[in-house]
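Side chains included, hydrogens not; waters and symmetry mates left out as well; all remaining heavy atoms used. Reminder, nothing fancy here: chain letters follow the sequence lines and each chain counts from 1.
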Protein chains: 2
Amino acid sequence: MISKMLKRTHMCGTLKGENIGENVILSGWVQKRRDLGGLIFVDLRDRSGLIQIVFDKDISQEAFAKAETLGSEYVINIQGKVYKRQSINPNLPTGEIEIFAEELQILSTAETPPIYIKDDDDVSESLRLKYRYLDLRKPSMQKNLIFRSKVANVVRNFLAEEGFIEIETPMLTKPTPEGARDYLVPSRVNPGKFFALPQSPQLFKQLLMVSGMERYFQIVKCFRDEDLRADRQPEFTQIDCEMSFVDIEDIIEVNERLLKKVFQETLDITIELPIQRISYKEAMERYGSDKPDIRFGFELVDVSEIVKNCGFKVFSAAIENKGAVKAINIAGHGDKFSRKDITALEDIAKTYGAKGLAWIKVTEEGITSPIAKFFTEEEMKEILQKTNGKVGDLLLFVADKFEVVYDALGHLRLEAAKRLNLLNPDEYKLVWVTEFPLLEHDEEENRYVAKHHPFTSPMEEDLELLDTAPEKVRAKAYDIVLNGHEIGGGSIRIYSTEVQQKMFEVLGFSQEEAWEKFGFLLEAFKYGTPPHGGIAYGLDRLVMILAQEENIRQVIAFPKTQNATCTLTNAPSYADEKQLKELSIEVETK
Amino acid sequence: MISKMLKRTHMCGTLKGENIGENVILSGWVQKRRDLGGLIFVDLRDRSGLIQIVFDKDISQEAFAKAETLGSEYVINIQGKVYKRQSINPNLPTGEIEIFAEELQILSTAETPPIYIKDDDDVSESLRLKYRYLDLRKPSMQKNLIFRSKVANVVRNFLAEEGFIEIETPMLTKPTPEGARDYLVPSRVNPGKFFALPQSPQLFKQLLMVSGMERYFQIVKCFRDEDLRADRQPEFTQIDCEMSFVDIEDIIEVNERLLKKVFQETLDITIELPIQRISYKEAMERYGSDKPDIRFGFELVDVSEIVKNCGFKVFSAAIENKGAVKAINIAGHGDKFSRKDITALEDIAKTYGAKGLAWIKVTEEGITSPIAKFFTEEEMKEILQKTNGKVGDLLLFVADKFEVVYDALGHLRLEAAKRLNLLNPDEYKLVWVTEFPLLEHDEEENRYVAKHHPFTSPMEEDLELLDTAPEKVRAKAYDIVLNGHEIGGGSIRIYSTEVQQKMFEVLGFSQEEAWEKFGFLLEAFKYGTPPHGGIAYGLDRLVMILAQEENIRQVIAFPKTQNATCTLTNAPSYADEKQLKELSIEVETK
C-alpha cells in the first residue's frame, strides 16, 4: 500500500538559477495544474514557497500519466532536473526556473477543499476557523506563525543571556482574588473543590522572587473567562518577567534593550533608545488616552479658561460642573471633512459619552462653525491662538466631565488619523506611560480598588497621600505602548509589610480579608523579601502589531470564535455522566 | 519609609581574588551571622553563591550597629571593599576573600523560617512544599531550576535552527478519545458544555502537518487526571515535535543530534551517535522490559528447552501452560546475597505476579540450591552452560506466563543492580526501542486497543497481518530510553485513508464511532495529508535524570502533592455559589 518514499533534497521556494542542471527531489502540495501544449504544468507548494514542475510525455510516460490525475492539494513527491524557464515569471521568487519531472509519487489525494488556499480568498471567518488546517496553508498565515515563533525565540534568548531563568508556574492553581472571572477546573480527588486556571503568574512570580531566583521569565498561557472582543481570547500568551533588587529604571533599561533586539531581529528595524516616556497625566492631557498613538499629532488643547464665561451654555456649563472644554486641531485637513463627515465623527464621540461635538473650520473665507455666534471676537481669537488654528484647519471640541472629554477626543483623534490615512503600519512608535494612579474609585462598591493589583508599590513621594487623598497617589507602574496599543505593563511591588498593611486599609480590607485573599503571599513576605518588580507583555497583541495584522486571530494557530468555541474540534462539548459523577458535579438544568 | 537603594555592582558568588581592593555593592540574604572578637561576620547569599561580609566598628559605627540586629534570611544591601581573607575557606568558591562593609541597608527583616535554608536539612516533604518559596532558596533547588531552564533553552534553539516552528496549541480543547482521564473545564458561555485540558497536543500537531507547517515543536503543559505516582504530576511538560515528509530514520536522525546537543551543552558529556537500537521483542527477551537499563548486564536467558521435561513440576508445568522458564545470572556477586537477601528478592518477584523465585548458587564447594535435586546432572550442566554460570554466580529463575517472567526478572535485575551499587548516575546510556506491537488486547473490553494511539502507522511489512493476526503487527513506533526510563516516544502516523479505515475496523469502531471520536481529523485528512510523524519527550523526567534526582518534584518549581493538591496556595478550594451558578453547575453532595 505504501511504497518507498522519495527523500526530499530541497525546499521548493529555495531553488534558484544557480541550481540549474541539478537533480532534485521535492515534496509538497499541488497549488494548481494546467495542461498546455501537450505538457502538464504544476505549481508545487511547500512551506518555503512555490515552484513550477513540468511533466513531459517524452521524459516519462509514467509520470505524465500520473500527473494527468493530479488535483488541487494533492500531496506529491517529484524527482526531476532544474532548467532555466522559457518565460520567466517575475512575480515568483523561483520564477526563473522550472523542474522537468522524471518521477512522480502521489502521496495523498485530496477532495476539493472548502476554502481556497490563497491569501485573497474572500471567505467568511467562520469557514476559515472551521477549516483552520486549510486556512493555515495560506502563505500569510504560515508567515504569521513563523514570525510569531521567531519573536518568542528572540525574546527567550535575550532574556536567557541576561540571566533570566525560565520557570514554569502551575496551570492548576488557586482562584485570583480581585481579578477577572476565572476558569474553574473541578477536582476529582478533592470532591467539591476547584482549581482555577491562572489569569497570570503574578503571585507565583512574586513567590519566586521571595525564593531568591532573582530573575524569572516565562512565555505562558493565561486565562480569563470574560466576554470576548476583537483582540481578546479566553486563553492568551504572556511574556512574563520579574526581577529582584531593582527599581523602575532597572526594569525599563533591560526591557528597552529587549524591545530593541526584537525589532532588530524580527523586522530589521533599529529603534532609538531611550524610548520616550510620558506620565499618565500628560498622556491623558495630550492624547486623551493612557495608550497614546504618537505617530501623529492632533493633540488635545484645553480651552476651558478661554470659554468659561462664553455665551455657549454647553461650554460654560461643563466648566461649572467641574468638567472641561478641550479641542483637537485636525490641522491642514479641514477640507477633507464634509458636514456629513463631521456628523459621523459626532456619532463616534457620542458612543464615548459625549453629548455632542462642536466644531470650527478655518477657511480662506473665514470661520465656518455652528457655534461661532456664541463667541466674542476676542474669545474666537484666543481659541484659534491656543489651538494654533490656521486656514485649512478643523477644530473639534468636546465639553463634559474630564473622563468623557478625554475618551471622546482621544478616540476622535484616532478616527481622524485613520480617515486621513495617517496610521502608517510601517512606522513603529513606542512610548512608556508612567506614574499611573495607584487606585481607582469603584462607584458600585464605593471603595478604592487597585488599578493594577494590590501589590503595586506607591511612589515614595506620594506615600503620605495614602491617608489624605488616596486617589492622588501615583504608582510605580508603567505600560509600554506601541502605536496606540498597550503591549506590556508592570510595576514595582510592595515588599514592605507596613506599606502593604496601609494599602489593604485603603482598599478597605480587614486583616482577616487580606489574609484570606492573599494569605500565602503575606506569609511568604515574612521571611525576607527582596525589593522586586516586573512586567508582562501580551505576546498575541505584540505579534499582531509587528505582523501588521488587525486581529489577534491572525497570529494564533487555533483561536476561539467570538463565542468562545472552537468550531474545528467542536469544543466545548457535553461530558458524559460517568465523568461528571467522578468529578462530583452536576449540570444545573434551568 | 523606603530609602534610596544601593545599586548592586556584583553577584556574591562571582567575586574572586582578582577583585581585591575593589569597592563593591552586594545584595542578598543573610545566611548566617557570627559575632567574634569584636567583629560581626555575615555570610551573604544570592543566586550565585555565598560570600563573607565583615562589620568592623572602626570602619563604620553605624553599619556595625545595624549589623548587630541582623537575623537569618534578612535581606540586605552592603557596600564595602574586597580584602584577602585571613583564614582562607577552601570549601567556599569565594573563600579567599571577604568584604569589609562600609554601609549596610536592611531591606527586609525576617522571622525565623520554618525550614532551614540548606540542602541537608532533614525536613519532611510536606513542610518543604508548604513553604516552597523557602525550599527553593536551597542551592540544590536553585541549581535544578536553572538547569531545567538551560535544558529547555538548548532544545528550543536546536529545534529552531533545524527549521522547527514553535506553535502554541489550545489549552481549552476537546476531550481526548481513547485516552486517560481528562481534566474538564465548564464553559460559562455554553452552559452544560465542557472544555478539556489537553493530555497532549497530538491531534493539533497532526492538523499542523495537514496545514503544511512541516516542522512543528512546542514545550507545553499537558494534563492527566490520574492517580499519582512518584514520577507523575497532574500537569507535566512535554517537548513535542512533529515532522512531515519523513519516515522513522529521519525522525531518529534529528532527535539523536538533539540529544547529543543537550548532553553536550548541559552536562558537557559527549554521547556517541548513532544511539543503540533494540526491537521491542529483543528488549523484552534480553531485559524483560521495554525500557531497559543497559548500564549493566544480568540479561535474561531462556532455559525452557532444557527444563521442559525436568523433575521440577513448577518449571515443566509453566512450559506446558505455554509459559517459559527464564533466568538471570548475577555473575560474580553470588556471595553478596544471603538466603535472607534472596527471600527479599523473592518477595519483590511476587509483587510482579511470580509465584516464587528459584535460585542456584555456584560456589567453590559446588552447587547450592533448593531445586538442585530436581535436575539430572546433564540438565544442570546445560543450565550452567546456557546461563554461563560459573563459580561465584547466583542464578535466579522465574517460571510462569511470559508476561510474568519478563516483569519479575526485569525488575529483579534492576533490584540486584541497585543492591550491588551498579547504577552509576554519572553513566548515561541511551537506547531506542523500536518495532512496538501496534495493538494490545484489552481483556476487559475484549477488543484490541492501540498501544500508542489509533493513528500510529503499522510497519509496511506487517500490513497484511492486520486481518489475520493483529497482535503480531508491529508499529512504526519508537521510544527513547535513558538509564531505564522512557524519556520520549513517538511514531509515524497513518496518513492513508485505507489504512486508517482498516485500523478502525481492527479496533472495533464502526464508521459512526470513528467519525464521532476523530471526525475533525478524518475530515482534515481528506484534503491532502503529507506523510508525518513525531515524538514527545517528558521534560520533567528528562531533567530529573540529567540532574540525577530521584523525584520529579525536585525539578518542578511548584509541584502538587501525591494527593493532587498545592499545600502552598491551598488549591483546589471551594468555589462560591455565584461562580458555580454562572457556570451552570452544582456540586453533587453525597
Side-chain angles (χ1 to χ4, degrees), chain A residues 2 8 27 29 47 73-75 108 110-111 113 133 136-137 145-146 149 153 160 165-167 170-174 183-185 187-190 192-195 207 210-212 214 221 225 235 245 460 520 524 526-530 557-558 564 568-569 571-573 575 584-588, chain B residues 2 8 27 29 47 73-75 108 110-111 113 133 136-137 145-146 149 153 160 165-167 170-174 183-185 187-190 192-195 207 210-212 214 221 225 235 245 460 520 524 526-530 557-558 564 568-569 571-573 575 584-588:
Chain A
I2 307 174
R8 167 197 263 177
S27 303
W29 284 257
R47 200 178 83 186
E73 301 306 315
Y74 275 44
V75 182
S108 169
E111 293 185 12
Y133 44 86
L136 291 180
R137 286 185 189 169
L145 293 189
I146 291 169
S149 175
N153 195 251
I165 305 168
E166 186 163 26
I167 301 175
M171 292 282 112
L172 295 172
T173 180
K174 190 157 166 95
Y183 277 101
L184 295 185
V185 183
S187 163
R188 178 180 56 88
V189 186
N190 303 277
K193 293 190 174 181
F194 295 81
F195 293 104
L207 287 177
V210 173
S211 75
E214 303 210 13
K221 278 280 174 76
D225 187 10
E235 52 182 294
F245 302 109
E460 277 87 10
F520 65 94
K526 293 199 303 198
Y527 303 110
T529 305
F558 300 103
L568 164 60
T569 61
S573 56
S584 304
I585 60 171
E586 278 175 356
V587 170
E588 182 195 351
Chain B
I2 306 171
R8 166 197 262 176
S27 303
W29 284 258
R47 202 177 82 187
E73 301 306 315
Y74 275 45
V75 181
S108 169
E111 292 185 13
Y133 45 86
L136 292 180
R137 286 185 189 170
L145 292 189
I146 292 169
S149 176
N153 195 251
I165 305 168
E166 186 162 27
I167 301 175
M171 293 283 112
L172 295 172
T173 181
K174 192 160 165 94
Y183 277 102
L184 296 185
V185 183
S187 163
R188 176 179 57 88
V189 186
N190 304 276
K193 294 190 175 181
F194 294 81
F195 293 103
L207 288 177
V210 174
S211 75
E214 305 210 12
K221 278 280 174 73
D225 187 10
E235 54 181 292
F245 302 110
E460 277 87 9
F520 66 94
K526 294 199 303 197
Y527 303 109
T529 306
F558 300 102
L568 164 60
T569 61
S573 57
S584 303
I585 60 172
E586 278 174 356
V587 170
E588 184 194 352

Below 4.5 Å, heavy-atom pairs only: which of [options] has the largest tally toward chain B?
{"options": "A:I146, A:L172, A:L207, A:L145", "answer": "A:L172"}
{"options": "A:P530, A:A110, A:S211", "answer": "A:S211"}
{"options": "A:L136, A:T569, A:I585, A:V587", "answer": "A:T569"}
{"options": "A:A564, A:A524, A:A557", "answer": "A:A524"}
{"options": "A:Y183, A:Y74, A:F245", "answer": "A:F245"}

Let me know if [X] has heavy atoms under 4.5 Å from chain A in its side chain, its backbone, both or neither.
{"X": "B:R8", "answer": "side chain"}
{"X": "B:I165", "answer": "both"}
{"X": "B:A160", "answer": "side chain"}
{"X": "B:D225", "answer": "both"}

**Message:** Can a donor-acceptor pair be found, under 3.5 Å and without considering hydrogens, that links the side chain of B:W29 to the backbone of A:G528?
**Reply:**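 Yes, B:W29 side chain to A:G528 backbone: donor-acceptor pair under 3.5 Å.
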
So, do [X] and [Y] sit near enough that their side-chain heavy atoms are less than 4.5 Å apart?
{"X": "B:F558", "Y": "A:T173", "answer": "no"}
{"X": "B:E73", "Y": "A:K526", "answer": "no"}
{"X": "A:F195", "Y": "B:S573", "answer": "no"}

**Prompt:** Which heavy atom of A:V185 sits nearest a heavy atom of B:L184, and at what distance?
**Reply:**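 Distance-wise, the nearest heavy atoms are CG1-O, 3.5 Å.
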
**Asked** Which heavy-atom pair separates A:S149 from B:E166 by the least distance, and what is that distance?
**Response**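 Between these two residues, the closest heavy atoms are OG-N, 2.9 Å.
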
**Item:** Top contributor to chain A contacts, counting heavy-atom pairs under 4.5 Å, from B:P113, B:A571, B:P170
**Value:**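 It is B:P170.
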
**Request:** Could you check which of B:R188, B:E235, B:M171, B:K221 has the highest count of heavy-atom pairs closer than 4.5 Å to chain A?
**Result:**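 Greatest number of close heavy-atom pairs with chain A: B:R188.
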
**Message:** Heavy-atom cut-off 4.5 Å, strictly under: side chain, backbone, both or neither for A:I167 against chain B?
**Reply:**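 Looking at A:I167, just its side chain touches chain B.
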
**Request:** For B:Y527 and A:Y133, run side-chain contact (heavy atoms from CB on, under 4.5 Å): C-alpha distance rounded to whole Å, both residues' side-chain angles, the deciding distance at 0.1 Å, then the answer.
**Result:** CA-CA 10 Å; B:Y527 303 109; A:Y133 44 86; 4.0 Å; yes

**Prompt:** CD of B:E588 to CD of A:E586: how many Å apart, nearest 0.5 Å?
**Reply:**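 Going from the CD atom of B:E588 to the CD atom of A:E586 covers 4.5 Å.
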
**Request:** Please name all residues satisfying side chain to side chain contact (heavy atoms under 4.5 Å, CB included) with B:T529, sequence neighbours left out, ordered by chain then number.
**Result:**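 Expected list: A:S108, B:V210, B:Y495, B:F525, B:H532.
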
